[in-house]
Amino acid sequence: MAAANDSRSTYFLFFPLLFMALVIDIIRLPEIINPYRPDILSLCVIFFATFDPARVNIGWAWIAGLLLDLLTGAPLSQHALCLALQVFLILSQFQRFALFALWQQILIILVVNLLGHVLGYWISHLAGQVNYEESIAASSVVTAALWPVISLLCLFLCRALNLAPPAHKEN
């Protein structure tokens, strides 16, 4: 009976990785690399939302996006709305996302992240922060290409730290 309760909460890894992803997202990059900046925060939140949807869900995605808004000086709730949209689409439309083949996951991440970027671009235009980006899809392509690395790293850390989602109760 003690062996069943030896696992830790996913929050044990989620919060440090959330902090690291926020730091990576605010690091200044050279202008030539900046259009290809991957969205590490959304990859971490999407991983944990699919790994443990009972604890990390759209609400945590919204909070993580608000933190990114505050750190970057973006219009309040721009990143929050985009990140919550991405997690909502993954959780509602792809309930068995973790069971898909890796190439299917990469394609879904690409489309969902591109939708998030388009929504963020639209919100920034509505807020009056007009800055035309020629390669809006480049960041989404790099983000999707990094999905296998981030998901395998997070899965490895979850197993190494003995993290487990809560057991589902069956009636």
Side-chain angles (χ1 to χ4, degrees), residues 9-11 13-15 17-22 24-26 35-72 74-127 129 131 133-158 163-166 168:
S9 170
T10 53
Y11 291 143
L13 183 62
F14 174 69
F15 291 125
L17 286 181
L18 178 72
F19 176 75
M20 288 175 27
L22 286 168
I24 290 171
D25 276 350
I26 62 171
Y36 306 104
R37 175 188 294 269
D39 196 1
I40 303 294
L41 181 63
S42 71
L43 290 179
C44 287
V45 172
I46 287 172
F47 172 80
F48 281 102
T50 57
F51 181 75
D52 189 1
R55 289 191 178 119
V56 180
N57 49 26
I58 299 170
W60 279 112
W62 182 268
I63 291 170
L66 280 178
L67 289 172
L68 186 60
D69 287 333
L70 292 173
L71 290 172
T72 59
L76 199 57
S77 80
Q78 174 185 346
H79 290 104
L81 185 61
C82 297
L83 196 54
L85 171 76
Q86 291 177 36
V87 171
F88 171 75
L89 287 174
I90 294 287
L91 291 180
S92 67
Q93 301 302 314
F94 306 103
Q95 287 91 8
R96 299 181 188 271
F97 178 77
L99 301 177
F100 288 174
L102 187 60
W103 68 270
Q104 291 172 327
Q105 290 179 359
I106 291 171
L107 189 62
I108 291 169
I109 292 290
L110 173 69
V111 171
V112 167
N113 194 270
L114 186 60
L115 285 173
H117 280 291
V118 168
L119 178 65
Y121 190 66
W122 181 64
I123 290 172
S124 67
H125 276 293
L126 287 177
Q129 294 183 346
N131 52 350
E133 295 180 24
E134 295 173 357
S135 57
I136 195 168
S139 176
S140 295
V141 170
V142 174
T143 300
L146 281 178
W147 169 250
V149 175
I150 298 295
S151 65
L152 287 176
L153 177 68
C154 289
L155 189 60
F156 172 76
L157 289 173
C158 286
L163 302 181
H168 299 285

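Side chains of L17 and F48 form a contact here, defined as non-hydrogen atoms less than 4.5 Å apart. You'll find the side chain of D39 stays beyond 4.5 Å of the side chain of V142, heavy atoms only. F47 places a side-chain heavy atom less than 4.5 Å from the side chain of L155. Side-chain atoms of F51 and C158, non-hydrogen and from C-beta on, do get closer than 4.5 Å to each other. I109 places a side-chain heavy atom less than 4.5 Å from the side chain of L43. Within the 4.5 Å cutoff, no side-chain heavy atoms of V87 are placed close to those of N57. Counting only heavy atoms from C-beta outward, the side chains of L70 and L76 approach each other to under 4.5 Å. Between L85 and V112 the shortest side-chain heavy-atom distance does not fall below 4.5 Å.
The minimum heavy-atom distance linking I136 with H117 is given by the pair CD1-O, 4.0 Å. Closest heavy-atom contact between A98 and Q105: O-NE2, 3.4 Å. Residue P148 comes nearest to A144 through the heavy atom pair CD-O, 3.7 Å, listed as atom of the first residue, atom of the second, then distance. Of all non-hydrogen atoms in P38 and T143, the two that sit nearest each other are CA-OG1, 3.4 Å. Between L163 and S9, the closest heavy-atom pair is CD2-O, 3.2 Å. Minimum interatomic distance between A64 and L41 (heavy atoms only, all atoms of both residues): O-CD2, 3.8 Å.
Residues meeting the side-chain hydrogen bond (donor to acceptor under 3.5 Å, both in side chains) test with T10, sequence neighbours left out: D52. Listed by chain and number, the residues in a ring-ring contact (aromatic ring centres under 6.0 Å, His included) with F94 amount to none (sequence neighbours excluded). Judged as a ring-ring contact (aromatic ring centres under 6.0 Å, His included), and not counting sequence neighbours, W62 has no contacts.
Taking the six-membered ring where the residue is Trp, the centroids of H125 and Y121 are separated by under 6.0 Å. A centroid separation of less than 6.0 Å is found between the aromatic rings of W147 and F97.
One distance of note links CD1 of I58 with CG of L91; it measures 6.0 Å at 0.5 Å rounding. Atom-to-atom distance recorded for N113:CG and L83:CG is 9.5 Å, nearest 0.5 angstrom.
A distance-only check finds a donor-acceptor pair linking the side chain of S139 to the backbone of R37 [under 3.5 Å]. When atom types are taken as modelled, the side chain of W60 and the backbone of V45 share no donor-acceptor pair closer than 3.5 angstrom.
Residue F100 places its CZ atom among more than 12 non-hydrogen atoms of other residues, nucleotides or ligands, all under 6.0 Å distant.
Below 30°, between 30° and 60°, or above 60°: for Y11 and F15 the angle between ring planes is below 30°, a parallel geometry.
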